Colleague: 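Mind having a look at this structure? Questions to follow.
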Amino acid sequence: MLLAVGSAKGAPGATTTARVLAAVWPQDVVLVDADPAGGDLALLARRPDDGALDPDRGLLSLAADARRGLGERPLEDHLQQVEGGLEVICGVSTPDQMAGIGPVLPQVAGAFARWPGRDVLVDVGRVSPTSPTLPLVQAADVLVLVARPRIESFAHVRERVRWLAQLRETNLRTPEVAVVLVADSRDRTSAGDLARLLAHDGLPGTVLGQLADDTRAADVLGGRVERPVARSLLVRSARQLVDPLRALSQSGRGVRTTA
Ligand SMILES: Nc1ncnc2c1ncn2[C@@H]1O[C@H](COP(=O)(O)OP(=O)(O)OP(=O)(O)O)[C@@H](O)[C@H]1O
Ligand SMILES: [Mg+2]
């Protein structure tokens with residue numbers, strides 16, 4: 001299963017959401033840093049022996065293999081392990097590098113979607129019609145769009161869902177869209193408000209649920225603070241999203257004719 005995690009606009013917490021989902025994912029999982037603006041993983045994460053990650057091993061090395069037609073080397077060669085045991089594919093350092101690997105991203109995306117025995121979670125950064133990571137979004141089973149409970153965030157999500165629905169009408173492969181709201185756990189109304197907004201326009205996105213707005217745990221996931229987070233609201237709320245996400249990925253709604 002390939003899951004893309006991104007945002008419509010702003011910095012609502014897509015990277016944090018991808019990380020926490022990978023941390024609680026119940027099956028073998030790979031976290032891919034594909035933010036076109038330049039990834040953070042290679043800068044922030046540490047290996048289990050506390051060494052730094054190799055920024056050239058990851059998307060860049062995988063793209064180099066893809067130019068030769070993937071298959072010579074196993075995908076596992078591009079993985080690195082980070083403290084805690086999670087396996088990751090490091091991202092690019094600059095937007096230019098992402099533009100450079102653009103032509104082979106469809107092959108890379110296909111390899112992620114078919115990775116034997118693994119689910120793959122990709123942080124695709126901001127999602128728009130001009131986003132260089134569109135091949136990854138299009139190959140995904142589900143696109144998780146992260147939003148905040150604010151009018152402008154809702155409006156941007158609605159426009160992104162509308163655009164994806166239009167793509168689908170042109171027979172292009174599109175993922176199921178799952179909106180995740182980063183919101184206070186006492187907020188019982190925003191998710192319903194957004195669902196009604198999408199339904200009012202006849203748009204196909206599912207408001208999957210809420211991820212706790214939990215600054216302390218988000219700081220830990222961002223590598224800024226060290227503290228146990230297993231029992232945090234953020235981690236607990238992420239666990240609640242796993243089964244609905246897997247169910248949505250298997251629901252196979254929509255047109256999936258062209259790769
Ligand atoms: N669930 C959360 N609770 C509280 N704060 C959060 C949460 N998720 C993210 N944040 C905070 O919001 C800020 C942006 O988070 P993050 O980098 O994950 O967002 P992003 O959408 O990936 O941004 P960008 O578009 O810059 O890549 C960070 O300070 C992060 O700690
Ligand atoms: Mg990010």
Side-chain angles (χ1 to χ4, degrees), residues 3-25 31-45 53 55 58-59 82 86 88-95 97-98 120-134 136-137 140 143-150 152-157 159-161 177-187 190-191 194 207-242 245:
L3 204 72
V5 182
S7 64
K9 196 182 167 196
T15 297
T16 306
T17 302
R19 284 184 192 163
V20 71
L21 283 173
V24 302
W25 205 252
L31 176 66
V32 181
D33 183 348
D35 190 325
D40 303 324
L41 258 180
L43 301 172
L44 291 172
L53 297 185
L59 266 191
V82 298
L86 182 66
V88 301
I89 297 256
C90 284
V92 297
S93 306
T94 65
Q97 288 178 331
M98 186 59 88
V120 179
L121 297 185
V122 190
D123 176 1
V124 293
R126 292 178 197 179
V127 177
S128 79
T130 56
S131 167
T133 49
L134 222 45
L136 292 164
V137 172
L143 167 65
V144 175
L145 268 183
V146 180
R148 295 276 180 157
R150 292 195 286 263
E152 71 279 16
S153 188
F154 284 9
H156 296 305
V157 163
E159 292 321 308
R160 230 42 108 244
V161 175
V177 181
V179 184
V180 166
L181 271 188
V182 174
D184 191 295
S185 41
R186 290 161 299 189
D187 180 344
S190 296
L194 178 57
V207 181
L208 198 76
Q210 243 159 266
L211 200 58
D213 185 340
D214 178 349
T215 307
R216 287 158 64 94
D219 280 345
V220 174
L221 283 155
R224 290 179 285 277
V225 186
E226 273 190 49
R227 189 188 293 131
V229 285
R231 299 166 69 87
S232 65
L233 281 175
L234 178 54
V235 168
R236 279 157 44 203
S237 60
R239 286 207 178 95
Q240 309 274 319
L241 298 177
V242 171
L245 269 175

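Atoms within a ligand are numbered from 1 in the order they appear, just like the ligands themselves. Since we're looking at a predicted model, the values are computed, not measured.
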Colleague: For atom 30 (C) of ligand 1, what is the closest protein heavy atom, and at what distance to 0.1 Å?
Modeller: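 Among all protein heavy atoms, the one nearest atom 30 (C) of ligand 1 is R224 NH2, 3.6 Å.
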Colleague: Taking only heavy atoms of A14 into account, list the atoms of ligand 1 that are under 4.0 Å away from them.
Modeller: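 Result: 18 (O), 19 (O), 20 (P), 21 (O), 22 (O).
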Colleague: Please state which option from V5, T16, T15 has its nearest heavy atom closest to atom 8 (N) of ligand 1.
Modeller: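 When every heavy atom of V5, T16, T15 is considered, T16 comes closest to atom 8 (N) of ligand 1.
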Colleague: Does ligand 1 have an atom under 4.0 Å from some heavy atom of R148?
Modeller: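 Heavy atoms of R148 do come under 4.0 Å of ligand 1.
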Colleague: Flag D214 as yes when one of its N or O atoms lies below 3.5 Å from any N or O atom of ligand 1, and as no otherwise.
Modeller: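 Indeed, backbone or side chain, D214 has an N or O that close.
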Colleague: Would G10 count as a contact residue for ligand 1, given that I'm defining contact as a non-hydrogen atom of the residue lying under 4.0 Å from a ligand atom?
Modeller: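 G10: in contact with ligand 1 (<4.0 Å).
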Colleague: Can you report which non-hydrogen protein atom sits closest to atom 1 (N) of ligand 1, along with the distance?
Modeller: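 Heavy-atom neighbour on the protein nearest atom 1 (N) of ligand 1: A212 O, 2.9 Å.
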Colleague: Are any of the heavy atoms in L211 under 4.0 Å away from ligand 1?
Modeller: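 Distance cut 4.0 Å: L211 fails for ligand 1.
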Colleague: Where's the contact between T17 and ligand 1, heavy-atom distance under 4.0 Å: side chain, backbone, both or neither?
Modeller: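 Neither; nothing of T17 gets under 4.0 Å from ligand 1.
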Colleague: Of all the heavy atoms in G222, does at least one lie under 4.0 Å from an atom in ligand 1?
Modeller: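 No, G222 has no heavy atom closer than 4.0 Å to ligand 1.
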Colleague: Please determine if D213 and R148 form a salt bridge, counting it only when a charged side-chain N lies under 4.0 Å from a carboxylate O.
Modeller: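 Between R148 and D213 there is a salt bridge, with a charged N closer than 4.0 Å to a carboxylate O.
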Colleague: Run the contact test for D213 against ligand 1 with a 4.0 Å cut-off on heavy atoms, strictly below, and give the result.
Modeller: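 Heavy atoms of D213 do come under 4.0 Å of ligand 1.
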Colleague: Could an N or O of ligand 1 be found under 3.5 Å from any N or O of L234, whether backbone or side chain?
Modeller: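 Checking ligand 1 against L234, no N or O pair falls under 3.5 Å apart.
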Colleague: Is the distance from the Mg ion (ligand 2) to some N, O or S atom of T16 under 2.8 Å?
Modeller: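 It does not: T16 brings no N, O or S atom closer than 2.8 Å to the Mg ion (ligand 2).
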Colleague: Students should be able to answer this: which protein heavy-atom is nearest to atom 23 (O) of ligand 1, and at what distance?
Modeller: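 For atom 23 (O) of ligand 1, the nearest protein heavy atom comes out as A11 CB, 3.1 Å.
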